[in-house]
Amino acid sequence: MEITHENYESLKREINYHNYLYHVNDSPIISDSEFDYLLVQLREMENVHPEWIAPDSPTMRAGAASSDKFNKVPHPAPVLSLANAFNKDDVRAWFDRQVKTDNRISNASFILEPKIDGLTVVLRYEKGLLVQGVTRGDGIVGEDVTANVRTIKTIPLFIPVKDTEIKIPDVMVVRGEVFMFNSDFQKLNAELSAKGEKTWLNPRNTAAGSLRQQNSDITAKRPLSIYTYQILYYEGGSVPETQWERLNYLRELGFPVSDQCRYYDDFESMLNGLDRWSEIRETIDFDIDGVVIKINELPMAEALGFVGKDPRGQIALKFPAREVTTILQNIGINVGRTGVLTPYAIFEPVVCGGVTVSKATLHNFDFIQERDVRIGDRVLIKRAGDVIPYVIGPVINARTGDEKEFHIPETCPVCGHKTERLDGEVAVYCVNASCPAQLIRNIEHFASREAMNINGLGIKVVEQIVNAGFVHDVSDLYILSRESLLSLEGFAEKKADNLLEAIAESKQQPLNRLINALGIRGVGEVMAETLANEFGSIDGIIAADKTMFEAIEGIGPNIAQAITDWFDEESNKKIVERLILYGLDPKVETHINDKKDLPLAGLNIVVTGTLQNFSRDEIKDFIKKNGGKSSDSVSQKTDYVVVGEKPGSKADKAAKLGITILTEDQLIKMTNV
Ligand code: IVH
């Protein structure tokens with residue numbers, strides 16, 4: 001931004017407004033890092049033109065004025081904030097500056113503490129009794145939230161909590177950060193959403209909203225926590241003189257203190273100690289937005305004085321923000337390989353978690369509706385660790401009225417086909433089997449071992465033939481030409497011939513396999529077999545209606561609907577017609593009436609040990625083809641146990657139960673009738 005007086009004044013007004021929204025209204029419309037950035041810009045202008053600085057500059061105070069919701073309480077000492085560093089170079093520069101001011105700092109020891117992303121509270125204890133809890137306000141005067149503070153279970157109402165020899169000053173004022181553990185936040189939101197109530201955006205907003213509640217019964221229901229880190233003031237007694245001892249002292253008196261705080265003998269070892277924090281950030285159960293670096297020797301640190309409201313003896317090393325806001329420009333739709341439509345956010349590029357992002361997932365359509373996400377909204381997005389960026393929700397307070405509501409697409413954005421949503425399901429589907437987005441997955445499934453079992457037609461080859469435009473639906477497989485295959489990379493004559501042969505062989509697959517291969521949602525191997533046995537032919541299934549499917553045991557209304565929809569669909573009907581035209585004859589083999597005549601009809605057979613002629617899957621297929629049922633465990637119901645080499649305990653069990661044991665050859669002979 002150009003440094004003009006006009007720009008300076010307008011930036012000042014903007015910052016003051018955001019300050020007000022944050023501190024008074026508890027409803028910020030920009031993220032902390034965006035706010036920090038505005039302040040950085042203002043400071044830069046003030047560095048060039050110090051004559052512009054007036055008492056109303058946001059750089060002159062820590063927060064905004066208090067609202068009139070609560071009684072005002074002056075703090076016994078200023079509740080200061082921290083200057084920010086963004087990398088180790090900044091930290092070193094800070095250290096060098098302090099050493100220049102006071103050479104003793106070169107021998108200082110250091111403390112690292114998590115910079116908890118919560119809200120400051122100032123707790124006043126008189127003769128050990130908690131008498132007041134106050135927010136930070138503008139750092140000079142805060143708001144009396146004693147009733148709310150008392151509901152936070154880990155805040156001691158009386159110190160010392162346990163028997164100890166330690167003496168406490170008559171008056172002691174302790175500063176801490178109120179926050180919510182991520183696990184508590186998730187539990188709270190899960191409970192709210194189960195009750196159909198509005199959920200919270202993030203732990204910090206929830207903690208802020210809860211602490212500044214007029215009704216402390218409500219605060220009591222929110223799982224707030226606290227970590228303390230500073231003795232702001234004391235009188236009538238003494239307290240330790242180093243930060244490390246003070247943390248231990250606070251802990252000893254019964255205050256919660258983070259166990260992530262660490263002591264370092266000197267500056268260099270502290271600098272190395274900073275490295276562990278990016279990992280800690282990912283593993284701890286509360287949000288931190290940086291590490292606070294504190295000179296341990298407090299009298300020495302305090303003697304350094306202040307810059308504005310920031311004490312020189314401490315600095316915050318800020319992490320790249322993981323939550324930022326930006327403007328949602330549009331909602332895009334992905335069509336997955338199973339036909340599921342998933343919405344994603346397209347927004348003004350922002351730096352989030354240290355990288356520039358412009359897209360994030362919106363989870364599903366229910367999420368958009370529940371959170372009331374609208375196009376044009378300012379949205380809060382998050383990118384943490386390896387997780388892909390996601391939208392947390394809209395910043396409702398930032399609405400201008402120009403935002404547009406989003407509607408679930410009625411047609412597939414890839415093929416234009418009507419979309420569908422089944423009762424009680426979150427997902428919205430494109431049911432067009434020849435939709436290009438689903439085609440590759442459909443063909444891969446069609447060719448898979450459990451379906452048409454086409455050897456040599458794995459995902460790579462499927463991608464090749466689809467991308468080359470040779471196959472537009474599964475029926476095209478059966479008119480694939482040798483020349484087409486030979487034109488593909490990696491296809492020599494043998495490979496092409498083998499594939500064509502495997503495809504031709506698959507024409508003999510039984511009806512149940514074909515039904516499974518069609519990829520009807522909810523219809524897998526078992527259901528396909530049931531349908532094949534029940535209807536006996538593809539025509540039988542095409543002619544059936546929803547009620548006939550529902551009448552079959554194991555088929556519920558959703559699956560019955562999915563089957564009906566699939567066969568009602570014109571493009572799907574055409575696929576089936578063409579499959580038949582190209583020579584598939586799927587009525588045979590597995591129909592129950594035919595099965596009765598097969599040599600192993602009605603027999604339960606268990607196989608154990610290694611066989612000569614079959615793999616385990618092949619023998620199961622063989623038994624099934626011949627009308628038998630293969631099972632994995634021997635029971636009273638077992639008719640035969642086929643024993644190969646190195647049989648397991650199944651052979652012993654069979655002998656015990658008096659079940660006939662067969663060799664592989666004997667089984668083959670039984671089928672040669
Ligand atoms: S020390 C003079 N220590 O961060 C003392 N602050 O950006 C200054 N915060 O307003 C604060 N964890 O609300 C300190 N371990 C910690 C902290 C911490 C979180 C907050 C605090 C402060 C803000 C400064």
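Please read all numbers here as calculations on a predicted model, not as lab measurements.
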Engineer: What side-chain hydrogen bond (donor to acceptor under 3.5 Å, both in side chains) pairs are there with at least one residue in residues 344-357, not counting sequence neighbours?
Structural biologist: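 For residues 344-357, and leaving out neighbouring residues, there are no side-chain hydrogen bond (donor to acceptor under 3.5 Å, both in side chains) pairs at all.
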
Engineer: Please name all residues satisfying side chain to side chain donor-acceptor pair (under 3.5 Å) with Lys546, sequence neighbours left out, ordered by chain then number.
Structural biologist: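 Lys546 satisfies side chain to side chain donor-acceptor pair (under 3.5 Å) with Gln561 once adjacent residues are dropped.
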
Engineer: Using the test side chain to side chain contact (heavy atoms under 4.5 Å, CB included), find all partners of Ser633 that sit at least two apart in sequence or belong to another chain.
Structural biologist: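 Ser633: side chain to side chain contact (heavy atoms under 4.5 Å, CB included) contacts with Ser631.
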
Engineer: Holding to ring pair (Phe, Tyr, Trp, His ring centres under 6.0 Å), I want the full list of residues that pass it with Phe622, two or more places apart in sequence or in another chain.
Structural biologist: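 Ring pair (Phe, Tyr, Trp, His ring centres under 6.0 Å) check on Phe622 returns Phe614.
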
Engineer: Tell me, which pairs form a salt bridge (charged side-chain N to carboxylate O under 4.0 Å, His left out) where one or both residues lie in residues 375-385, sequence neighbours left out?
Structural biologist: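 Listed once each, the pairs are Glu34-Arg378, Glu323-Lys382, Asp377-Arg399.
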
Engineer: Look at the rings of Phe181 and Phe286 and say which category their plane angle falls in: under 30° parallel, 30 to 60° tilted, over 60° perpendicular.
Structural biologist: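 The arrangement is perpendicular - the two ring planes meet at more than 60°.
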
Engineer: Restricting to side chain to side chain donor-acceptor pair (under 3.5 Å), what partner residues turn up for Asn432, sequence neighbours left out?
Structural biologist: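 Asn432: side chain to side chain donor-acceptor pair (under 3.5 Å) contacts with Ser434, Ser571.
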
Engineer: Would Asp473 and Arg578 pass as an ion pair if we require N to O under 4.0 Å?
Structural biologist: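 Between Arg578 and Asp473 there is a salt bridge, with a charged N closer than 4.0 Å to a carboxylate O.
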
Engineer: Can you pull out every side-chain hydrogen bond (donor to acceptor under 3.5 Å, both in side chains) where at least one residue sits in residues 404-422? Sequence neighbours excluded, please.
Structural biologist: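 Every side-chain hydrogen bond (donor to acceptor under 3.5 Å, both in side chains) pair that includes a residue of residues 404-422, provided the two are not neighbours, is Asp366-Arg421, His417-Glu569.
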
Engineer: Does any pair with a residue in residues 189-202 pass salt bridge (charged side-chain N to carboxylate O under 4.0 Å, His left out), and if so which ones, sequence neighbours excluded?
Structural biologist: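 As it turns out, there is no salt bridge (charged side-chain N to carboxylate O under 4.0 Å, His left out) pair with a partner in residues 189-202 once direct neighbours are skipped.
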
Engineer: Check side chain to side chain donor-acceptor pair (under 3.5 Å) between Thr547 and all other residues, then give those that pass, not counting sequence neighbours.
Structural biologist: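 Side chain to side chain donor-acceptor pair (under 3.5 Å) list for Thr547, sorted by chain: Asp545.
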
Engineer: Partners of Ser278 by side chain to side chain contact (heavy atoms under 4.5 Å, CB included), sequence neighbours excluded?
Structural biologist: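 So Ser278 forms no side chain to side chain contact (heavy atoms under 4.5 Å, CB included) with any residue.
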
Engineer: Taking the six-membered ring for Trp and the single ring otherwise, decide whether the centroids of Phe535 and Phe549 are under 6.0 Å apart.
Structural biologist: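 Yes, ring centres under 6.0 Å apart.
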
Engineer: Using a strict cut-off of less than 4.0 Å between a Lys/Arg side-chain nitrogen and an Asp/Glu carboxylate oxygen, indicate whether Arg204 and Asp289 qualify as a salt bridge.
Structural biologist: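 Looking at Arg204 and Asp289, the cut-off is not met.
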
Engineer: List in chain and number order the residues that pass side chain to side chain contact (heavy atoms under 4.5 Å, CB included) with Thr610, two or more places apart in sequence or in another chain; answer none if no residue qualifies.
Structural biologist: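 Checked Thr610 against side chain to side chain contact (heavy atoms under 4.5 Å, CB included); matches are Glu645.
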
Engineer: May I have all residue pairs that pass salt bridge (charged side-chain N to carboxylate O under 4.0 Å, His left out) and include part of residues 487-499, sequence neighbours excluded?
Structural biologist: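 Of all non-adjacent pairs touching residues 487-499, those that pass salt bridge (charged side-chain N to carboxylate O under 4.0 Å, His left out) are Arg482-Glu493, Arg482-Asp497.
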
